[in-house]
Number of protein chains: 2
Amino acid sequence: MSGRLDRIDLKILRLLQNNGRLSNAELAASVAISPATCHRRTQRLFEDGFIAAVRAMVAPKKVAKGTLVMVGVVLDRSTPESFATFEQAIAKLKFVLDCHLVAGDFDYFLKIRVGDMEDFNRIHGEQLIALPGVRQTRTFFVMKEVVDNAPLEF
Amino acid sequence: MSGRLDRIDLKILRLLQNNGRLSNAELAASVAISPATCHRRTQRLFEDGFIAAVRAMVAPKKVAKGTLVMVGVVLDRSTPESFATFEQAIAKLKFVLDCHLVAGDFDYFLKIRVGDMEDFNRIHGEQLIALPGVRQTRTFFVMKEVVDNAPLEF
DNA sequence: TCTCCAAGTGAAAGATTCTTCCATGTCCGG
DNA sequence: CCGGACATGGAAGAATCTTTCACTTGGAGA
């Protein structure tokens, strides 16, 4: 069922992870099976949820989103209601790439993309600290993106 | 730069970001232009680097990488050589999804995917604290992934 | 061992799509 | 008004997709 992946499935997954626009014919040739079989396998990988989505990775700098910021957030209270309200509000902020509830000195970690620092300052003042239940935020400007969104190894 | 993108280009980018396997014919129909024109436009978006890559997003839980961890790293010394050595070593660790040089209480922020906490503990002890020049690390286990790797808004 | 069944496989073929070529249309600067 | 650079869509051969079907394989049970 959805549990087992043989070597061919794994190879298909890895190839599609590196180039999601590979044609079925190219995939089939790369894994040395017929196009028909490859088509069926790939279809199953999608249907069974092994591939959540195929996404074109738009170059951030090309669309004026070249500035990356990490933000640690501490809430006033650590109640389930407080968390739920915060998460609901975060989901509407489209510049938030990641939002994770963590264990440690912060309640949440955010990963945010904006055009520049000025852009971030406005967003921080108008939207971040205005989020429900936020006690404080700590901003970490990214000065260099060493690795960003690397493909998953498995 | 990005001023060269008209509404049709932007629409193509957004559509491919949501579904990187859209066929040229489907794209053309969605943006109301001919397949030939759509093909040329899309090709240009790739050639000019607006689309860095197209990736199948493999579901982490399906391939035993369901545990996410954020790690803050402080180095012994803040010299260019120290940074360069660290970054060179990080690039070889395939479980590191993000590695960013930041301004603030840490030198680097890492985003890591592993199978489980036990998995992380081994990696932390064997590989992370063994990285060159690391003074200390602070681990933030992710308890809930509210938003992970959301598509870029532009 | 033999039989049967389920699952996987590849050849084949019609439908669809890709990709290129070319004539036409549009926008500006001269 | 003209001319050139560029963008557009139609058309058509080449390539690909997607389904069908018959065959092979592997394992469970008699």
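Naming convention: chains lettered A, B, ... in sequence-line order (proteins, then strands); numbering from 1 in each chain.
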Interatomic distance where [atom1] belongs to [X] and [atom2] belongs to [N] [whole Å]:
X	N	atom1	atom2	result
B:Glu47	C:dT19	CD	P	12 Å
B:Gln43	C:dC21	CD	P	12 Å
A:Arg40	D:dC21	CZ	P	14 Å

_So, using side chain to side chain donor-acceptor pair (under 3.5 Å) as the criterion, who are the partners of B:Arg138 when residues are at least two apart?_
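B:Arg138 satisfies side chain to side chain donor-acceptor pair (under 3.5 Å) with A:Asp105 only.
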*Taking only residues two or more places apart in sequence or in another chain, which ones pass side chain to side chain donor-acceptor pair (under 3.5 Å) with A:Glu26?*
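So A:Glu26 forms a side chain to side chain donor-acceptor pair (under 3.5 Å) with A:Ser23.
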*The side chain of B:His39 lies closest to which of these nucleotides: C:dT20, D:dT20, D:dT8?*
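Selected nucleotide: C:dT20.
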Go through the structure and list residues passing side chain to side chain contact (heavy atoms under 4.5 Å, CB included) with [X], not counting sequence neighbours.
X	result
B:Asp119	B:Val114, B:Asp116, B:Arg122, B:Ile123
A:Ala28	A:Pro35, A:Cys38
B:Gln136	B:Val74
A:Met143	B:Leu101, B:Ala103

*Of all of residues 20-36 of chain A, which get a heavy atom below 4.0 angstrom from DNA chain C, listed by number?*
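Correct list: A:Ile33, A:Ser34, A:Ala36.
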_Residues in ring-ring contact (aromatic ring centres under 6.0 Å, His included) contact with B:Phe141, at least two apart in sequence or another chain_ =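 Once residues adjacent in sequence are excluded, the partners of B:Phe141 under the ring-ring contact (aromatic ring centres under 6.0 Å, His included) criterion are B:Phe120.
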*asked:* Short of 4.0 Å, heavy atom to strand atom, which residues of residues 7-14 of chain B count as contacting DNA chain D?
replied: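 Contacts with DNA chain D under 4.0 Å: none.
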*asked:* If you compare every side-chain N and O of B:Arg41 against the phosphate oxygens of D:dA7 (OP1, OP2), does one of them come in below 4.0 Å?
replied: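 No, no such contact exists.
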*Has A:Arg44 got a side-chain N or O lying under 4.0 Å from the OP1 or OP2 atom of C:dG8?*
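Negative; the distance criterion is not met.
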_Side-chain heavy atoms of A:Val73 within contact of A:Phe86, under 4.5 Å_ =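 They are in side-chain contact.
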*Could you tell me, to 10°, how much the axis swings from one end of the helix from C:dT1-D:dA30 to C:dG30-D:dC1 to the other, five pairs per end?*
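Axis-to-axis angle, ends of the helix: 30°.
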*Please work out which of the three classes, parallel, tilted or perpendicular, describes the rings of B:Phe109 and A:Phe140, given edges at 30° and 60°.*
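The rings of A:Phe140 and B:Phe109 stand perpendicular, inter-plane angle above 60°.
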Would you tabulate the side-chain donor-acceptor contacts of residues 89-100 of chain B under 3.5 Å, counting partners in other chains and residues two or more places apart, or write 'none'?
| residue | atom | partner | partner atom | Å |
| --- | --- | --- | --- | --- |
| B:Asp98 | OD1 | A:Asn149 | N | 2.7 |
| B:Asp98 | OD2 | A:Lys111 | NZ | 2.5 |
| B:His100 | NE2 | A:Asp148 | OD1 | 3.3 |

*Keeping to residues at least two apart or across chains, list the ring-ring contact (aromatic ring centres under 6.0 Å, His included) pairs with something in residues 8-37 of chain A.*
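Non-adjacent pairs meeting ring-ring contact (aromatic ring centres under 6.0 Å, His included): zero.
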